[in-house]
Amino acid sequence: MYKSEYLNRVLDEIKAKHGEQKEFISAVEEFFDSMDYVVDKDPRIEKYSILERIVEPERTVCFIVPWVDDNGKIRVNTGYRVQFNSAIGPYKGGMRFDKSVNLSILKFLGFEQTFKNSLTGLPMGGGKGGADFDPRGKSDGEVMRFCQSLMTELFRHIGPNTDVPAGDLGVGAREIGYMFGYYKKLRDEWSGTFTGKNFSYGGSLARPEATGYGLLYFVEEMLKTYKNTTIEGKKVIISGSGKVGGMAAEKLNQLGGVLVGMSDIEGFVYDPKGLDVPYIVAKSKQKGMFSKDYAKDHNIEWHEGPHGMWGFAKCEIALPCATQGEIHEEDAKLLKQNGCYMLVEGANMPCDVEAIRYFNENGVLFAPGKASNAGGVAVSGLEMSQNSLHLSWTFEEVDARLKQIMKDIFKKCHETAVKYGQPNNLALGANIAGFEKVLDAMLAQGVC
Ligand code: GLU
């Protein structure tokens, strides 16, 4: 129950319409927690039905993706693009290929993306897409045929000024390459319609590193502001050995932090003296699991199942970088018991609402992914700028811009949290600061 009648009514309406979309509903509930602080102060929000309009995607496309596997068998998947909000720029957000993909998950991600992209300060609206296709274990040929089939439908809905997809779980440079290649062929045009491209055809340097590096820049800002210290010597655990986790580990190591625990989808390793980061980064780049081999090669214990790490590892800072729904209230309590005083999300919504409430009520500093993992999409925005300028910036130039953007995002979230009397509540700060820009743009553009 919210204080505001308006919020209760809008939530009831969404539940009546889309009650079965659990992930989406919970993202809206979390966002409305913050809106309860603003809707009464700004009557325009209700008068112009802003929340009713912001929770409904502007367009959703859902289509069949038939393809032929290496044995000649016809396989069928479902593809989606959820174009959530274009008030501040073309729809922008990743494509996710994973068995778990459904409309609820993509709507939750697209909704979050709208505010994340707003926080970057770059002109990007929010969108997300994907398919219930798992690229793991598929040959390059199978992945290519799948991507090409998907693109025969998706190409009509995207474009450099309409909707610019990128990678996400299960979608890396290989998948982007196949999708981009087919888009170019179908449209007969080269344009910056995808980001996360290889550098040889318009990709940005520092894009592969951006989410993980950006996460650490955000952590540095939090430590400076709240604890008057730096990451040097701090004990950190990271979940997920994909792009985000691997690059977060690399930047952590460069900045002198100590990685004491890390998981992949099979299990985790923990060493209070510090793990061998170059070993882990090399494995993460090969897209393989690392934890079992790590334990064998370094003669330490391997723990089966990634989830146990939250209750086992003693750390000061936790960086969940795997996927949504990894951390529940029980895990949050164990983390706190084990000495963790800061949790910064590298993935999108790895913590559920109860865990976030627990952190906020128990003095664990918490940063939501829509702020702390925005480095990826921020550099995607820089890739779009480079493409339209027909220029390529150096790694150092992009990295410097990324660092500044992460500092600015932290500042916006922190200042907003302070303004609303809750200086430690960065979730509140991120939701309100992200929302304000979208609100302004929607009001300026009328009912459309
Ligand atoms: N999938 C990433 C995210 O969740 C990146 C999106 C993009 O670069 O467009 O923000």
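Note that these values count all heavy atoms, side chains included, but never hydrogens, waters or copies made by symmetry. Order of listing sets the numbers, starting from 1, for every ligand and every atom in it. All figures in this text were calculated on a predicted structure; none of them were measured in a lab.
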Mutual orientation of the aromatic rings belonging to [X] and [Y] [parallel < 30°, tilted 30-60°, perpendicular > 60°]:
{"X": "Phe410", "Y": "His414", "result": "parallel"}
{"X": "Phe146", "Y": "Phe133", "result": "parallel"}
{"X": "Phe32", "Y": "Tyr2", "result": "perpendicular"}

Between Val164 and ligand 1, is there a nitrogen or oxygen pair with a distance under 3.5 Å? no
Between Ser380 and ligand 1, is there a nitrogen or oxygen pair with a distance under 3.5 Å? yes
Distance from [atom] to nearest protein heavy atom, with residue and atom:
{"atom": "atom 1 (N) of ligand 1", "result": "Asp168 OD1, 2.8 Å"}
{"atom": "atom 3 (C) of ligand 1", "result": "Lys116 NZ, 3.4 Å"}
{"atom": "atom 5 (C) of ligand 1", "result": "Arg207 NH2, 3.5 Å"}
{"atom": "atom 6 (C) of ligand 1", "result": "Gly94 N, 3.6 Å"}
{"atom": "atom 9 (O) of ligand 1", "result": "Lys92 NZ, 2.7 Å"}

Give a yes/no on ligand 1: does Pro165 have at least one heavy atom closer than 4.0 angstrom to it? no
Would you please determine whether Gln113 falls within less than 4.0 Å of ligand 1 on a heavy-atom basis? yes
Proximal ligand 1 atoms for [X], defined as those under 4.0 Å from one of its heavy atoms:
{"X": "Asn348", "result": "4 (O)"}
{"X": "Gly93", "result": "9 (O)"}
{"X": "Ala166", "result": "7 (C), 8 (O), 9 (O)"}

Glu345 and Ser372: side chain donor to acceptor below 3.5 Å: no
Under a plain distance cut-off of 3.5 Å, with no hydrogens placed, do Ser241 and Asp264 share a side-chain donor-acceptor pair? no
Honestly, for Glu383 the part within reach of ligand 1 (heavy atoms, under 4.0 Å) is neither
What part of Met124, side chain, backbone, both or neither, has a heavy atom within less than 4.0 angstrom of ligand 1? neither
Does atom NZ of Lys403 have more than 12 heavy-atom neighbours, drawn from other residues, nucleotides or ligands, at distances under 6.0 Å? no
When you check the gap from the basic side-chain N to the acidic O, do [X] and [Y] get nearer than 4.0 Å?
{"X": "Arg357", "Y": "Asp33", "result": "yes"}
{"X": "Lys370", "Y": "Glu30", "result": "yes"}
{"X": "Asp69", "Y": "Arg145", "result": "no"}

